[in-house]
Amino acid sequence: ISAIATLVFLTFFFIFANSKTDKNTKNIYYLEDGKLELSSIRSEKEGAFILNKAKKDFIKIISPALFTAVILNGIIVIIFGVYLTHRIAGPIFNLERNVKWMTNGNLTNIVRVRKDDEFQNLSRDIETMRLSLVTFISALKINVSELNNNATQINNTGIKENIQKLTEMADKYQLPQ
């Protein structure tokens, strides 16, 4: 965008600055060997010759500047793109990995993203969910253990089997120590 704006500005400023002095004469600004010149033209043929020469000089000057501007803009876009990609894709990868661990029963990893990354709120919410699960499953394990101790006094096979299933379900989760 900046390269196009530069090109439009230079084109307007250097070539098309015309002003009339009388009915038959026009003053025209043009580039000659990289310098801005003023010429009075009396005929279209003379004006066409000067404009053609000015266009050639203009292209000589603008081509390297335009090429440089395009290259610099490309580099800026690439750097900005990499920076944004890391700020968005990194947290997504991290959150996805943590959710998979939690799904597989590993509740030991703290869920967080880097300070300047995106998805801070989502990270906090997933960490809150992880802590809630840790609290719930810890309480469940304690209650199942107490039930198991009380069930040894009762000689009911069905209750003991259900307690064993609850114990297996609760033991599936790894909790922080």
Might you confirm whether atom CE of M129 has over 12 heavy atoms from other residues, nucleotides or ligands at distances under 6.0 Å? yes

Over 12 non-hydrogen atoms of neighbours within 6.0 angstrom of CZ in R87: yes

For the side chain of [X] and the backbone of [Y], is there at least one donor-acceptor N/O pair under 3.5 Å apart?
X    : Y    : answer
N104 : K100 : yes
E118 : P91  : no
N143 : A139 : yes
Q120 : R114 : yes
T167 : I163 : yes

Should [X] and [Y] count as side-chain neighbours, where that means a heavy-atom distance under 4.5 Å?
X    : Y    : result
V99  : I126 : yes
W101 : L107 : no
R97  : N109 : no
M102 : R130 : yes
L133 : Y173 : no

When rounded to the nearest 0.5 angstrom, what is the spacing between [atom1] in [X] and [atom2] in [Y]?
X    : Y    : atom1 : atom2 : result
R112 : D117 : CZ    : CG    : 13.0 Å
N106 : L175 : CG    : CG    : 9.5 Å
L166 : S145 : CG    : OG    : 12.0 Å
I142 : I137 : CD1   : CD1   : 12.5 Å

May I ask whether [X] and [Y] are part of the same hydrophobic cluster, defined by side-chain heavy atoms of I, L, V, M, F, W, Y residues being less than 4.5 angstrom apart, directly or through others?
X    : Y   : value
L95  : I88 : yes
I71  : I79 : yes
L122 : I92 : yes

N98 and N94: CA distance, side-chain angles, deciding distance, side chain to side chain donor-acceptor pair (under 3.5 Å) verdict: CA-CA 6 Å; N98 277 287; N94 184 27; 2.9 Å; yes

Short N-O contact, E168 and K172, less than 4.0 angstrom: no

Pick from T135, V134, L140: which one makes a side chain to side chain contact (heavy atoms under 4.5 Å, CB included) with S138? V134

